[in-house]
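Following: one structure in structure tokens, then a few remarks.
Reminder, nothing fancy here: chain letters follow the sequence lines and each chain counts from 1. Everything quoted here is computed from the prediction, not taken from an experiment.
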Protein chains: 2
Amino acid sequence: MLTIGEFSKISKVSPKTLRYYGEIGLLKPGFVSKDSGYRYYEVSQLRDMLLISRLKQYGFSLPEIATVLASGDNQHLAELIRVKKEELLRQIQNQQHIQLQMEHDIQRIERGENIMQSNYLVKTVQVEPKCIYSLRRKMSVRDFGEMFGTLCAGLEKKGLNPTGPFLSIYHDEEFNRECTDIEVGIEVAVDKGEHIRTLSPGLCCFATHVGSYDDFTACYTALMEWIEQEGYTVSGPPFELYVKGCEENVQPSEYVTEIYFPIRK
Amino acid sequence: MLTIGEFSKISKVSPKTLRYYGEIGLLKPGFVSKDSGYRYYEVSQLRDMLLISRLKQYGFSLPEIATVLASGDNQHLAELIRVKKEELLRQIQNQQHIQLQMEHDIQRIERGENIMQSNYLVKTVQVEPKCIYSLRRKMSVRDFGEMFGTLCAGLEKKGLNPTGPFLSIYHDEEFNRECTDIEVGIEVAVDKGEHIRTLSPGLCCFATHVGSYDDFTACYTALMEWIEQEGYTVSGPPFELYVKGCEENVQPSEYVTEIYFPIRK
DNA sequence: TATACAGCTTCCAGTTAGGGCAAAGTCAAG
DNA sequence: CTTGACTTTGCCCTAACTGGAAGCTGTATA
């Protein structure tokens with residue numbers, strides 16, 4: 001039998017932790033003195049302790065380890081390790097991706113750009129299909145604001161309730177200020193009717209732009225760079241969500257827009 | 001100004017978290033109503049929030065982020081990100097190493113070997129130099145026990161106090177049962193004298209073997225495999241530390257031995 | 001045998017970065 | 001005025017421990 005200190009030194013696990021493991025029932029000492037309350041461990045328990053340490057390293061939680069120890073089913077354990085291994089793989093991939101972002105940021109800072117000033121955090125998201133009431137037309141960017149007026153009028157005439165912010169979809173590959181195929185719309189609850197359709201872009205990457213609509217380009221650039229860097233391709237027309245915009249009496253510097261690109265690998 | 005809910009939706013950070021950040025002084029709302037206690041955020045604070053999210057992703061703790069926000073020193077931030085990047089790199093390397101171990105374990109289990117039965121957790125450690133009183137000789141393994149007797153006699157004659165367990169060092173490249181160059185010793189406090197020398201193996205990997213001395217081979221094999229797998233080479237004679245052994249009246253199944261290999265890349 | 005001291009015990013509190021839930025107060029639309 | 005969505009504070013909870021205090025035990029030494 002070993003005292004908790006001896007067991008600790010051999011197993012490289014602190015006495016504190018050993019007491020904790022006893023408390024939660026993960027590894028109870030082989031014998032506890034009735035008089036003194038001293039814990040004594042069997043040497044054979046070192047094996048259990050080593051397995052615990054190893055599984056912990058593999059990313060198992062303590063309750064998970066407890067069930068593994070209790071079952072003693074090795075084939076099942078192999079499967080569980082495989083699952084953890086795949087989880088770890090995903091983690092590593094994610095971390096490698098973060099490393100690229102870090103390098104990107106470092107270089108931006110070293111080029112003298114202020115990371116706080118144009119800080120687009122590109123994220124991916126699975127966009128749920130939404131029903132939109134929309135108008136699509138080839139037009140000049142100058143007629144853009146007018147389209148929203150038409151849209152609002154149409155909404156009112158039909159008695160529709162918007163259930164989301166305004167949005168616009170850019171159907172042209174290349175953006176042309178004078179004549180672009182733009183669809184402006186808004187999310188609604190009903191799913192049938194004239195000018196009503198379902199928008200289901202699927203997997204998207206997006207970034208949030210704060211400020212006037214003049215400098216969207218930086219955000220678009222950031223998104224396009226990200227898409228290229230991550231090895232995705234654009235799988236549909238990009239769209240903008242006017243989360244906070246001109247319909248209220250808000251300063252242009254306070255506008256909030258989310259820019260989305262549907263993507264696939 | 002945005003309510004906490006609006007700010008939350010745009011920044012993709014939960015209201016709870018925003019309140020928490022306000023509480024710890026990381027990001028306080030631009031305005032708090034005196035009547036209702038409602039928090040209102042400036043749109044410009046979204047930038048700060050995005051930076052916080054990003055640095056969090058990079059592995060910064062919240063206090064670290066707070067100092068970054070407070071200082072506004074971008075050059076310094078670049079350095080800090082670089083440090084975190086290296087930290088992440090080390091983490092990734094460690095995780096890749098763990099992945100190899102996992103695969104190894106899975107295969108062991110699938111070959112029907114019991115992971116609990118021969119579970120050597122190989123670790124690396126920088127072994128501090130220690131003074132040992134030792135005897136070195138070419139001998140048969142059968143004379144091994146006798147050597148410890150001689151060693152004990154020598155200790156007693158010199159009036160030396162052991163400050164660690166017995167150990168033995170295997171100076172031959174290839175282990176030969178009949179005639180091996182073995183040094184047996186024990187750690188002592190004094191650093192000068194006949195048969196006293198300093199053992200400074202430096203970086204070692206080691207594993208703990210529990211049980212009789214008969215099946216050390218599995219442990220040695222595990223260590224050698226590990227060394228090969230990790231791309232290390234052996235840089236000195238291996239040694240064994242008899243953490244719990246035959247000097248007490250202990251069953252062979254209770255012996256505890258640590259086996260060390262000095263290594264370098 | 002007395003004592004010193006290392007080692008052991010329990011109990012309580014704290015760590016990170018928030019999540020859950022409840023009761024009560026507030027805002028804006030109809 | 002009411003309704004319903006939103007927000008507030010407050011309290012407890014998480015995982016896997018670590019730290020510290022106060023007191024008890026085991027063993028080596030004088």
Side-chain angles (χ1 to χ4, degrees), chain A residues 1-41 49 52-67 69 84 87 156 159 161-164 189 244 247-249, chain B residues 1-41 49 52-67 69 84 87 159 161-164 189 248:
Chain A
M1 303 291 270
L2 306 164
T3 68
I4 198 167
E6 291 164 344
F7 195 83
S8 160
K9 283 206 188 81
I10 298 170
S11 65
K12 266 77 185 168
V13 172
S14 78
K16 211 89 192 187
T17 301
L18 289 171
R19 279 185 211 111
Y20 177 64
Y21 286 176
E23 200 181 310
I24 64 171
L26 180 57
L27 186 73
K28 291 188 180 175
F31 168 72
V32 179
S33 161
K34 285 263 180 328
D35 311 5
S36 63
Y38 273 35
R39 292 163 176 79
Y40 295 93
Y41 292 84
M49 191 60 244
I52 290 169
S53 296
R54 184 172 283 211
L55 294 184
K56 209 152 65 70
Q57 219 187 7
Y58 288 176
F60 285 73
S61 71
L62 300 189
E64 282 173 333
I65 296 173
T67 66
L69 287 186
K84 291 289 177 191
E87 213 168 279
E156 223 166 282
N161 282 340
T163 58
K244 187 177 182 66
E247 76 279 18
E248 303 153 42
N249 60 344
Chain B
M1 304 293 270
L2 306 163
T3 67
I4 198 168
E6 291 164 345
F7 195 84
S8 160
K9 283 204 188 84
I10 299 171
S11 65
K12 266 80 186 168
V13 173
S14 77
K16 202 90 193 191
T17 302
L18 289 171
R19 278 184 212 112
Y20 177 63
Y21 286 177
E23 199 181 313
I24 65 171
L26 180 57
L27 185 73
K28 292 187 180 175
F31 168 73
V32 179
S33 162
K34 285 265 178 331
D35 310 6
S36 64
Y38 273 34
R39 293 162 176 81
Y40 296 94
Y41 292 84
M49 190 60 244
I52 291 170
S53 296
R54 186 173 284 211
L55 294 184
K56 209 153 65 70
Q57 217 186 10
Y58 289 176
F60 286 73
S61 71
L62 300 190
E64 280 173 333
I65 296 174
T67 66
L69 287 186
K84 290 291 178 190
E87 212 168 277
N161 281 341
T163 57
E248 303 153 43

Proximal nucleotide (of [options]) relative to the [X] side chain:
X     : options                : answer
B:I4  : D:dG20, D:dC17, D:dT8  : D:dT8
A:S36 : D:dT7, D:dT25, D:dT9   : D:dT25
B:S61 : C:dT9, C:dC11, C:dA17  : C:dA17
B:Y38 : C:dA17, C:dC27, C:dC11 : C:dC27

Between [N] atom [atom2] and [X] atom [atom1], what is the distance in whole Å?
X     : N      : atom1 : atom2 : result
A:Y40 : D:dT25 : OH    : P     : 11 Å
A:L2  : C:dG7  : CG    : C1'   : 15 Å
A:F7  : C:dC8  : CZ    : C1'   : 16 Å
B:K34 : C:dG25 : NZ    : C1'   : 18 Å
B:Y41 : D:dT8  : OH    : C1'   : 12 Å
B:E6  : C:dA28 : CD    : C1'   : 12 Å
A:Q57 : D:dA16 : CD    : P     : 15 Å
B:L27 : C:dA17 : CG    : P     : 15 Å

Kindly state which residues belonging to residues 17-25 of chain B come within less than 4.0 angstrom of DNA chain C, counting heavy atoms of the residue only, listed by number.
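Contacts with DNA chain C under 4.0 Å: B:T17, B:Y20, B:Y21.
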Using side-chain heavy atoms (C-beta onward) and a distance below 4.5 Å, is A:M49 in contact with A:L18?
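A:M49 reaches A:L18 side chain to side chain.
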So what does A:P63 hit on the nucleic acid, given a heavy-atom distance under 4.0 Å: a base, only sugar-phosphate, or nothing?
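A:P63: backbone/sugar contact only, no base atoms under 4.0 Å.
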If you look at every strand shown and take non-hydrogen atoms under 4.0 Å, does B:T3 touch a base, only sugar-phosphate, or nothing?
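Sugar-phosphate, no base atom in range.
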Could one point to a donor on the side chain of B:K56 or the base of C:dG18 with an acceptor on the other under 3.5 Å away?
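Not at all, since no donor on one side and acceptor on the other fall under 3.5 Å apart.
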Hey, is the side chain of A:K9 pairing donor to acceptor with the base of C:dG7 inside 3.5 Å?
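No.
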Could you report the tightest heavy-atom contact between [X] and [Y], atom names first, then the distance?
X     : Y     : value
A:M1  : A:E6  : O-OE1, 4.2 Å
A:I4  : A:Y41 : CG1-CE1, 3.8 Å
A:V13 : A:S8  : O-OG, 2.7 Å
B:I65 : B:K56 : CD1-N, 3.7 Å

Give a yes/no on whether any side-chain N or O of B:R39 is located under 4.0 angstrom from OP1 or OP2 of D:dT7.
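The answer is no; no side-chain N or O of B:R39 sits under 4.0 Å from OP1 or OP2.
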Does B:S14 make a side-chain N or O approach to OP1 or OP2 of C:dG19 shorter than 4.0 Å?
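B:S14 to C:dG19 OP1/OP2: side-chain N or O found under 4.0 Å.
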Quick one: on DNA chain D, does A:D35 or B:G37 contact a more 5' nucleotide (nearest heavy atom)?
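Between the two, 5'-proximity favours B:G37.
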Could you grab the distance from atom OH of A:Y58 to atom CD of A:E87, nearest 0.5 Å is fine?
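That separation rounds to 14.5 Å.
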